[in-house]
Amino acid sequence: MTEEKNLQQMIEEDLEQCEIVWTQFYDNKESMEALFLMLISHYIDRINGFAENIEVLNGWEKVSQQIEICRRNILLLIERIKLFQQNGYSNEGLLDLYLKQEREKEIITIETDFSAVHLSISMMNELSSTEKEEIIQKLEEIEEICNLPITRKRQWDKLRQYVVWLSGKDVKVAMKLLPLFLKIQ
């Protein structure tokens, strides 16, 4: 019971620390990395699946991109700490909560408007400018095909190559573009 109480207290203190670092040192790489490492060291062995799907920092990227990756990782870890809290400080059934939350996020983020997807792709920091240009070009081509005054069958025939192209892209990009294929008129 004392160990559980200590864990609860540590979580509350660490979440307070996260709030302080997040607000005061938002653009400071060293502070963000230190916060990330602290969270990992405190909970990697205590919370099941805690470090799953975290992004790897690449020393060759710009500092601003490294900070952004750090922030995304910290947000993911904080989310998992809070889910652990909501789950009664127990690992039992925790992975099911992770999966449920991921599915809910996917449902919420499905966009079926070409301009919204265009804007969303433009703002994806994890894509290089070359990748963004390619995706936006293909997006415009897909929109053009969806608006052609031809039969749905002919539209689909023209769109198949884009489905194949999209299958080679990152899942985040694919999830944004796939709903657009439903725009066939």
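Here the structure is a predicted model, which is why all the values come from computation and not from measurement.
When the side chain to side chain contact (heavy atoms under 4.5 Å, CB included) test is applied to His118, the partners found at least two apart in sequence or on another chain are Ser122, Ile136, Leu139, Glu140. Every residue two or more places apart in sequence or in another chain that forms a ring pair (Phe, Tyr, Trp, His ring centres under 6.0 Å) with Trp22 is listed here: Tyr26. For Lys132, the salt bridge (charged side-chain N to carboxylate O under 4.0 Å, His left out) test picks out no residue, with sequence neighbours left out. Every residue two or more places apart in sequence or in another chain was checked for a salt bridge (charged side-chain N to carboxylate O under 4.0 Å, His left out) with Glu61, and none qualifies. In this view, Lys169 and Glu134 satisfy the side chain to side chain donor-acceptor pair (under 3.5 Å) rule, not counting sequence neighbours. With sequence neighbours left out, Glu126 forms a side chain to side chain donor-acceptor pair (under 3.5 Å) with no residue at all. Considering only residues two or more places apart in sequence or on other chains, Ser90 meets the side chain to side chain contact (heavy atoms under 4.5 Å, CB included) condition with Asn87, Glu92. By the side chain to side chain contact (heavy atoms under 4.5 Å, CB included) test, Ala34 is found to be paired with no residue, residues two or more places apart in sequence or in another chain being considered. For Thr23, the side chain to side chain donor-acceptor pair (under 3.5 Å) criterion is met by no residue, not counting sequence neighbours. Partners of Tyr43 according to the ring pair (Phe, Tyr, Trp, His ring centres under 6.0 Å) rule, which considers only residues two or more places apart in sequence or in another chain, are Phe50. Judged as a side chain to side chain donor-acceptor pair (under 3.5 Å), and not counting sequence neighbours, Asn48 has no contacts.
Listed for the Gln8 side chain is no donor-acceptor partner under 3.5 Å among the backbone atoms of Tyr89.
By the 4.5 Å heavy-atom criterion applied to side chains, Ile121 and Leu177 are counted as neighbours. Two residues are said to be in side-chain contact when any heavy atoms from C-beta on lie closer than 4.5 Å; Met124 and Val173 meet this criterion. For the pair Lys82/Ile78, a side-chain contact is recorded, criterion being any heavy-atom separation below 4.5 Å from C-beta on. Within the 4.5 Å cutoff, the side chain of Glu68 has no heavy atoms near those of the Gln65 side chain.
The CD1 atom of Ile69 lies 12.0 Å from the CD1 atom of Ile74; values are rounded to the nearest 0.5 Å. For the atom pair Ile135 CD1 and Leu166 CG, the distance stands at 8.5 Å (nearest 0.5 Å). If you take CD on Gln155 and CZ on Arg160, they are separated by 13.0 Å, rounding to the nearest 0.5 Å. Going from atom CG of Asn53 over to atom CZ of Arg72 covers 13.0 Å, rounded to the nearest 0.5 Å. Going from atom CG of Leu148 over to atom CZ of Arg154 covers 8.5 Å, rounded to the nearest 0.5 Å. How far CD1 of Ile40 is from CG of Asn73: 7.5 Å, rounded to the nearest 0.5 Å.
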Which is it for Glu52 and Arg80 under the side chain to side chain contact (heavy atoms under 4.5 Å, CB included) test, yes or no, and what are the steps along the way? CA-CA 10 Å; Glu52 294 280 323; Arg80 291 187 173 159; 3.7 Å; yes

Before you tell me yes or no, could you show the steps for Leu35 and Cys70 under side chain to side chain contact (heavy atoms under 4.5 Å, CB included), namely the whole-Å CA-CA distance, both residues' side-chain angles and the distance that decides it to 0.1 Å? CA-CA 9 Å; Leu35 178 60; Cys70 236; over 6 Å; no

Start with the C-alpha distance between Lys176 and Asp170, add both sets of side-chain angles, then the distance that settles salt bridge (Lys or Arg N to Asp or Glu O under 4.0 Å), and finish with yes or no. CA-CA 10 Å; Lys176 290 181 183 301; Asp170 181 76; over 6 Å; no

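With no hydrogens or angles considered, no side-chain donor-acceptor pair links Gln17 and Glu13 at under 3.5 Å. Checking Glu141 against Gln137 by side-chain atom types alone, a donor-acceptor pair falls below 3.5 Å.
One hydrophobic cluster, built from ILVMFWY side chains closer than 4.5 Å, cannot hold both Leu39 and Ile20; they sit in different ones.
Sorted by first and then second residue, the ring-ring contact (aromatic ring centres under 6.0 Å, His included) pairs involving residues 133-165 (not counting sequence neighbours) form an empty list.
Atom CD of Glu19 sits in a sparse spot, with 12 or fewer heavy atoms from other residues, nucleotides or ligands closer than 6.0 Å.
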